[in-house]
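Structure first, then comments.
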Amino acid sequence: MTIEKKEQEHRLHDLKNVNGPVVMRMAPSPSGPLHLGHSRMAILNDEYVKRYGGQLILRIEDTNPQNIDPVAYTMIPEDLKWLNVNVTQIVIQSDRFELYYEKARELIRKRAAYMCTCEVDTFKELLMAGQACPHRDIEPESNLEKFQEVVDGKNRDASPVLIIKTDIAHPNPSVRDWIAFRRIKGTHPRTGNKYSFYPMMNFSVAIDDHELGLTHVIRGSDHISNTEKQKYIFNYFGWKIPEYFHYGNISIPDSILKTSIIKKGIKEGIYSGWDDVKLQTICSMARRGYQPETFRKYWIDSGLREVNAEFSWDIFNSINRQFIDSGADRYFFVKNPVPIKIADSPEVMSRIPKYQGKPERGFREYMIKASSELFITREDLENIKDGEKIRLKDLFNVRYNEGTFRFSEIEPSKEKIKIIHWCPSESKPFKVERPDGSFDEGVLEPQGIERNGIFQFERYGFVKKVSGEFGIYIHN
RNA sequence: GCUCCGAUGGUGUAGUCCGGUCAAGCAUAUCGGCCUUUCGAGCCGACGACCCGGGUCCAAAUCCCGGUCGGAGCACCA
């Protein structure tokens, strides 16, 4: 009997209620460029649109002028392009304020929304007690008037809000009569000072999800109660509610993802910019040598569950390794180099394959003079025992005795001995930046100097080489 | 305060909706071996899991109830 292993490909589960093409969206706020966490929703949405056909809308949610960094308007589409996410339409919410106002007026006329000028604390207290605020039953005409006044920017001193009527006794207090618009001070990067009464995310999202014809919305579990709130809008208008799926949040260890912290860090010089190696922004990870395919495979493999999970750098790096390994020629980089002299060695030509098992890729060749000086890492030197024989990879064997290396033989030993890498004396200084911002300093073999790109430095790790003297560590 | 969700090996997951093909798949980690020279890449192999209790059923990782544990979110950010 032969046991056949069934090859199981990781596959995202199907979406519910798919009838024909889907319309989906991703909706980042433009507080900065996209990061690793964002890439998940982008790729997952993209995968489903690829599966079913349809539209993928990028909707930039810039309805809070205090939370916008203008660079995001250009960086977000670039990040998505790099991730190979196929956006079919871009919608910017700040283009649509008039639409939101119009829908708000309709809701006021339906007695589904009202203007309120209660103090924040008073309003909250009433809500917690399940009591209506005195403004709740004011006639639509009066509300429309007040709404228009605020939209027109009159009565600057008060802090009016537009509230959506839901259920004042709803078991979840946060679902009870929620705020749809509030006044925000500050200049909007795209609309300037034209508007000051801004829609809350729950309002603009509900309107746009309908107006843009969304069929399926997948988003984080942090939106569960928002979905409930937004459904009130759909019901007031009699709109068809999209199919929602809420996935669990992924916590990404050892990462800095909060744009506010990143911006502060950039200002203070802790980070060199959005693409600083210490950050997990898409632009940084791209610069560091991560591949777009890695993001996609990782997120598909992780699946789409309602449970929260933890991101695994081990697995992510392992996937990336699969994508970069075959393209990465090997070179010797000796970190913390120590020059050693080999006694009694003959002149030898060392011929090292650029890629093990693929001679067609070529060789690195070095003529090593008799009794030459070479570099090895301090770590290797410290670990050599007196009397030990070791192999200098693709060169010859040496024996270490009382502080001196003596040539032993060219042919590889039959017995197992330690194999270490080395660099010829004419190697050049080279620096590698680590993901924590520290630097490894050493020497790189001469033939590795000219070429830039992704390489594996043997026994060290994969490095994205950006110049003749500098590279960025990717992972081992 | 309230609402919601989940529990599969060290880690990340597939399977759970529609119970049998699951004596549980994949990946990663670890360990071992192999590449007639990478301790760190690659290839091969091994190890290793269905939270607990009860119920339904011929049959439960899968359905129901209880418990325990864990997580998340919300109240003028998105």
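Naming: A, B, ... by sequence-line order, numbering from 1 per chain.
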Looking at every strand, decide which applies to [X] at a 4.0 Å heavy-atom threshold: base, sugar-phosphate, or nothing.
X      : result
A:R321 : sugar-phosphate
A:Q456 : base
A:N383 : nothing
A:T63  : sugar-phosphate
A:N67  : sugar-phosphate
A:K124 : sugar-phosphate
A:K418 : nothing

note = For residues 303-327 of chain A, the ring-ring contact (aromatic ring centres under 6.0 Å, His included) pairs (sequence neighbours left out) are A:Y290-A:F316, A:F295-A:F316, A:Y298-A:F311, A:Y298-A:F316, A:W299-A:F311, A:F311-A:W313, A:F311-A:F316, A:W313-A:F316
[X] has a side chain; which of [options] sits nearest to it?
X      : options             : value
A:P173 : B:C74, B:A41, B:G1  : B:G1
A:Y298 : B:C76, B:A78, B:G12 : B:G12
A:S318 : B:U28, B:A41, B:G12 : B:U28
A:D325 : B:G42, B:C76, B:G12 : B:G42
A:I315 : B:G12, B:A41, B:A78 : B:G12

note = In A:Y232, A:F181, A:F197, A:Y101, the residue satisfying ring-ring contact (aromatic ring centres under 6.0 Å, His included) with A:F203 is A:F181
query = Toward the 5' end of RNA chain B, which comes first, A:I410 or A:M201, by nearest nucleotide?
reply = A:I410
remark   = Taking for A:D380 and for A:E228 the nucleotide of RNA chain B with the nearest heavy atom, the one nearer the 5' end belongs to A:E228
In whole Å, measure the gap between the [atom1] atoms of [N] and [M] for me.
N     : M     : atom1 : result
B:C65 : B:A24 : P     : 29 Å
B:G6  : B:G42 : C1'   : 38 Å
B:C76 : B:G71 : C1'   : 28 Å
B:U16 : B:A7  : C1'   : 12 Å

Go through the structure and list residues passing side chain to side chain donor-acceptor pair (under 3.5 Å) with [X], not counting sequence neighbours.
X      : result
A:Y355 : A:D325
A:T259 : A:S31
A:T74  : none

remark   = Checking A:V151, A:T117, A:I138 against A:K146 for side chain to side chain contact (heavy atoms under 4.5 Å, CB included), the one that qualifies is A:I138
key: Residues forming a side chain to side chain contact (heavy atoms under 4.5 Å, CB included) with A:D121, sequence neighbours excluded   = none
task = May I ask you to verify if any side-chain N or O of A:Q322 is less than 4.0 angstrom from the OP1 or OP2 atom of B:C43?
result = no
Which side-chain N or O atoms in residues 122-134 of chain A pair as donor and acceptor under 3.5 Å with protein atoms at least two apart or in another chain?
none

key: Secondary-structure string, 5' to 3', Watson-Crick or G-U under 3.5 Å, | for another-strand partners, for RNA chain B   = (((((((..((((......[....)))).(((((.......)))))....(((((..]....))))))))))))....
Please list, pair by pair, any protein nitrogen or oxygen found under 3.5 Å from a nitrogen or oxygen in nucleotides 71-73 of chain B.
from: B:G71; atom 1: O2'; to: A:N308; atom 2: ND2; distance (Å): 2.2
from: B:A72; atom 1: O4'; to: A:N308; atom 2: ND2; distance (Å): 3.1
from: B:G73; atom 1: O2'; to: A:D222; atom 2: O; distance (Å): 3.4

inquiry  = Under 6.0 Å from the ring centre and within 45 degrees of the ring axis: does the NZ or CZ of A:R434 meet both conditions for the six-membered ring of A:F439?
reply    = no
ask   = Residues two or more places apart in sequence or in another chain: which of them pass salt bridge (Lys or Arg N to Asp or Glu O under 4.0 Å) with A:D177?
value = A:R136
